[in-house]
Amino acid sequence: MPDPNPALLTGLRVVEISSYVATPLCGLTLAQLGADVVRVEPLGGAADRTRWPLADSGTSLYWSGLNKGKRAVSVDLESEVDRKRVVDLIVHGGPCVVVSNTERHADLGYTELSARRPDVIHVLLEGRPGGGAAVDYTVQAGTGFPLITGTAEAPAPVNHVLPAWDIAAGLYLAIGLLAAERHRQETGRGRAIRVALEDVALATAGNLGYLAEAQVTDHDRAKSGNDVYGTYGRDFLTADGVRVMLVVLTERHWTKLLAATGLTGAFTALSESLGIDFTQESARYEHRDVISTLLARWFRATTFTDVATALDRHRILWQRYRSFDDLGRDALRDLDLFDEIDQPGVGPHLAPKSPILVDGGRLAPLAAPSVGQHNGDLL
């Protein structure tokens, strides 16, 4: 049976002095695994409390989503007296972790905190190595990805609407924090962890081979729209106007796709007449226009229901394009990932639990706190 309360991090206290995406996501990831996460904000609330999207009441759905299940205190961070209250929260009681995206106040940094509490773990997000300012969208601009995103007919760079580097950085922060926590359990000593947003983006570009390709080949990486680079994948429109994405990664996928679409004979003949081995991944990418011409004809002649039936029967990698509206209450209600919460200022809605399953279970989502809601309990 699933564990009804899979709180692996019970007993871990996290003081989060942060805003926007990466550091709040780090805190949320830990809170969803049972950590006691305390969000420290300026008086009146942090600047990201009003970030879009908003509920009709003006409450930030963005802030509410990233701060579910946390506790919140509100202090004057420019006041030495108030900062001392936060320091006391960190250094007194059980072992504590600090998650921050600012070095503005030295008394809340690792050096001064560890002098009073040697086992403190301090996790810091910076924009660029050495403390330079950056956010996801400026990092995107400097890492090459916008110049290969979009269609070949649109030469201007295209930033991704998903703040991918913020998300990756938030998860790297959580991984570094938990590694330091393991070290603390073995040695009793804390650690200072730093993650730069720009480093996350460049490391990812390097790990995926994009930077090596630019260094050791003369390939000119260009925009390719919805074509999946280096393999076969693209979007198609069905007879009744439904757009789907199709991906073929392996020879088995390719063989099954031909069986599902009834195009085995056609591609056998093409292979023989053109001398193209379509079972090879690189050949499918190089000759993707030839493949797409025949596949597009099949999709245009087939209704979405029949497309779904044929592709599912052959276990093809595909999905229809859906809007956020398509993913409404009815679609989400059947997913174990979602549960209903009643967020003040928002009302009842379905919100995600952690995507991490622990022995088959997940903690239920809890509402995000109001400004200074826990000052009396914690300060």
Student: Please find the pair of heavy atoms, one from Ser74 and one from Pro42, that lie closest to each other, and give the distance.
Tutor: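 Distance-wise, the nearest heavy atoms are OG-O, 2.9 Å.
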
Student: How about CZ on Arg288, more than 12 heavy atoms from neighbouring residues, nucleotides or ligands closer than 6.0 Å, or not?
Tutor: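 Yes, because the 6.0 Å sphere around CZ of Arg288 holds more than 12 heavy atoms from other groups.
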
Student: Can you tell me if CD on Glu80 sees more than 12 non-hydrogen neighbours from other groups inside 6.0 Å?
Tutor: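 Incorrect, the count does not exceed 12.
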
Student: State yes or no: do Tyr62 and Leu28 share one hydrophobic cluster built from I, L, V, M, F, W and Y residues joined by side-chain heavy-atom distances below 4.5 Å, directly or via other members?
Tutor: yes

Student: Looking at side-chain heavy atoms only, is the closest gap between Arg49 and Ser19 below 4.5 Å?
Tutor: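 In short, these two side chains do not touch, never coming nearer than 4.5 Å.
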
Student: Heavy-atom distance under 4.5 Å between the side chains of Leu8 and Val358, does that happen here?
Tutor: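 Yes. Closest side-chain heavy atoms under 4.5 Å.
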
Student: Go through the side-chain N and O atoms of Ser57 and Thr59 and say whether any donor and acceptor fall under 3.5 Å apart.
Tutor: yes

Student: Quickly, which of Arg182, His183, Glu181 forms a side chain to side chain donor-acceptor pair (under 3.5 Å) with Gln185? Name it, please.
Tutor: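 Of the listed residues Arg182, His183, Glu181, the side chain to side chain donor-acceptor pair (under 3.5 Å) partner of Gln185 is Glu181.
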
Student: Side chains of Ser292 and Tyr232: do they bring a donor and an acceptor to under 3.5 Å?
Tutor: yes

Student: Tell me whether Asp82 is salt-bridged to Arg85, with the criterion being a basic N under 4.0 Å from an acidic carboxylate O.
Tutor: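 Salt bridge between Asp82 and Arg85, a charged N being under 4.0 Å from a carboxylate O: yes.
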
Student: Other than Leu237, what residues sit in its cluster of Ile, Leu, Val, Met, Phe, Trp and Tyr side chains whose heavy atoms are under 4.5 Å apart, directly or through others?
Tutor: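 Via sub-4.5 Å side-chain contacts, Leu237 links to none.
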
Student: Could you tell me whether Arg320 atom CZ has more than 12 heavy atoms of other residues or ligands within 6.0 Å of it?
Tutor: yes

Student: Taking Arg234 first and then Asp289, would you say they form a salt bridge - that is, a charged N and a carboxylate O separated by under 4.0 Å?
Tutor: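 Looking at Arg234 and Asp289, the cut-off is not met.
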
Student: Under 4.5 Å between side-chain heavy atoms, hopping through other hydrophobics if needed: is there a path connecting Tyr20 to Val37?
Tutor: no

Student: Taking only Lys NZ, Arg NE, NH1 and NH2, and the carboxylate oxygens of Asp or Glu, determine whether Arg284 and Glu251 approach each other closer than 4.0 Å.
Tutor: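 No, no charged N to carboxylate O under 4.0 Å.
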
Student: Taking side chain as C-beta onward, heavy atoms only, is Arg13 less than 4.5 Å from Pro95?
Tutor: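 Sidechains of Pro95 and Arg13: no contact.
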
Student: Begin with the C-alpha distance, continue with both residues' side-chain angles, and end with the deciding distance and a verdict on side chain to side chain contact (heavy atoms under 4.5 Å, CB included) for Arg104 and Glu78.
Tutor: CA-CA 10 Å; Arg104 184 171 182 176; Glu78 301 309 310; 3.3 Å; yes

Student: Hydrophobic cluster membership, with links at side-chain heavy-atom distances under 4.5 Å among I/L/V/M/F/W/Y: are Tyr229 and Leu147 in one?
Tutor: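 Unlinked, Tyr229 and Leu147 end up in two clusters.
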
Student: Show the atom names and distances, to 0.1 Å, of all donor-acceptor pairs under 3.5 Å that link a side chain in residues 153-179 to residues at least two apart or in another chain.
Tutor:
from, atom 1, to, atom 2, distance (Å)
His160, ND1, Leu162, N, 2.9

Student: If you draw a 6.0 Å radius around CG in Asp342, do more than 12 non-hydrogen atoms from other residues or ligands fall strictly inside?
Tutor: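 Check passes, neighbour count above 12.
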
Student: Between Arg83 and Glu112, is the closest basic N to carboxylate O distance under 4.0 Å?
Tutor: no

Student: A quick test of your reading: do over 12 heavy atoms of other residues, nucleotides or ligands sit less than 6.0 Å from CZ of Arg221?
Tutor: yes

Student: Can you sort out the partners of Thr111 under side chain to side chain donor-acceptor pair (under 3.5 Å), two or more places apart, ordered by chain and number?
Tutor: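 In terms of side chain to side chain donor-acceptor pair (under 3.5 Å), with neighbours along the sequence ignored, Thr111 is linked to no residue.
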
Student: Are any of the side-chain heavy atoms of Asp48 and Leu66 separated by less than 4.5 Å?
Tutor: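 Not touching, per the 4.5 Å side-chain cut-off.
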
Student: Are any of the side-chain heavy atoms of Leu246 and Val244 separated by less than 4.5 Å?
Tutor: no

Student: Which Ile, Leu, Val, Met, Phe, Trp or Tyr residues join Val120 in one cluster when any pair of side-chain heavy atoms under 4.5 Å counts as a link?
Tutor: Val15, Ile17, Val38, Val40, Val73, Val75, Leu77, Val86, Val87, Leu89, Ile90, Val91, Val98, Leu108, Tyr110, Leu113, Leu378, Leu379

Student: Linking I/L/V/M/F/W/Y whenever their side-chain heavy atoms sit closer than 4.5 Å, directly or via other members, would Leu270 and Val248 fall into one cluster?
Tutor: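 Same cluster.
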
Student: According to a 4.5 Å side-chain heavy-atom criterion applied to Ile, Leu, Val, Met, Phe, Trp and Tyr, with indirect links allowed, do Val371 and Leu43 form part of one hydrophobic cluster?
Tutor: no

Student: Side chain to side chain contact (heavy atoms under 4.5 Å, CB included) between Val97 and Leu30: does it pass, once the steps are laid out?
Tutor: CA-CA 11 Å; Val97 175; Leu30 303 171; 5.9 Å; no

Student: Using the side chain to side chain donor-acceptor pair (under 3.5 Å) rule, pick out the option among Asp235, Asn226, Thr238 that qualifies with Arg243.
Tutor: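 Running side chain to side chain donor-acceptor pair (under 3.5 Å) over Asp235, Asn226, Thr238 with Arg243 returns exactly one hit, Asp235.
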
Student: Salt bridge check: are Asp336 and Lys353 linked by an N-O gap of less than 4.0 Å?
Tutor: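 Counted as a salt bridge, because a side-chain N and a carboxylate O are separated by less than 4.0 Å.
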
Student: Under a 3.5 Å cutoff, is there a donor and acceptor pairing between the side chains of Asp326 and Ser323?
Tutor: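 Asp326 vs Ser323: donor-acceptor pair found between side chains.
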
Student: Taking the side chain as every heavy atom from C-beta outward, state whether Leu363 and Ser354 have any atom pair closer than 4.5 Å.
Tutor: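 In short, these two side chains do not touch, never coming nearer than 4.5 Å.
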
Student: Suppose clustering is done on Ile, Leu, Val, Met, Phe, Trp and Tyr with side-chain heavy atoms closer than 4.5 Å. Which residues sit in the same group as Leu317?
Tutor: Val228, Met245, Val247, Leu249, Tyr321

Student: Where do Leu366 and Lys68 land on the side chain to side chain contact (heavy atoms under 4.5 Å, CB included) test, with the steps shown first?
Tutor: CA-CA 5 Å; Leu366 299 173; Lys68 295 188 298 291; 5.7 Å; no

Student: Compare all side-chain heavy atoms of Lys70 with those of Glu16 and state whether any distance is below 4.5 angstrom.
Tutor: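 Lys70 reaches Glu16 side chain to side chain.
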
Student: According to ring pair (Phe, Tyr, Trp, His ring centres under 6.0 Å), who are the partners of Phe267, at least two apart in sequence or on a separate chain?
Tutor: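 For Phe267, the residues satisfying ring pair (Phe, Tyr, Trp, His ring centres under 6.0 Å) (neighbours in sequence not counted) are Trp254, Phe278.
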
Student: Within the structure provided, determine whether Arg362 and Leu357 are in side-chain contact (heavy-atom separation under 4.5 Å).
Tutor: yes

Student: Kindly compute the distance separating CD (Gln140) from CD (Glu198), expressed to the nearest 0.5 Å.
Tutor: 13.0 Å

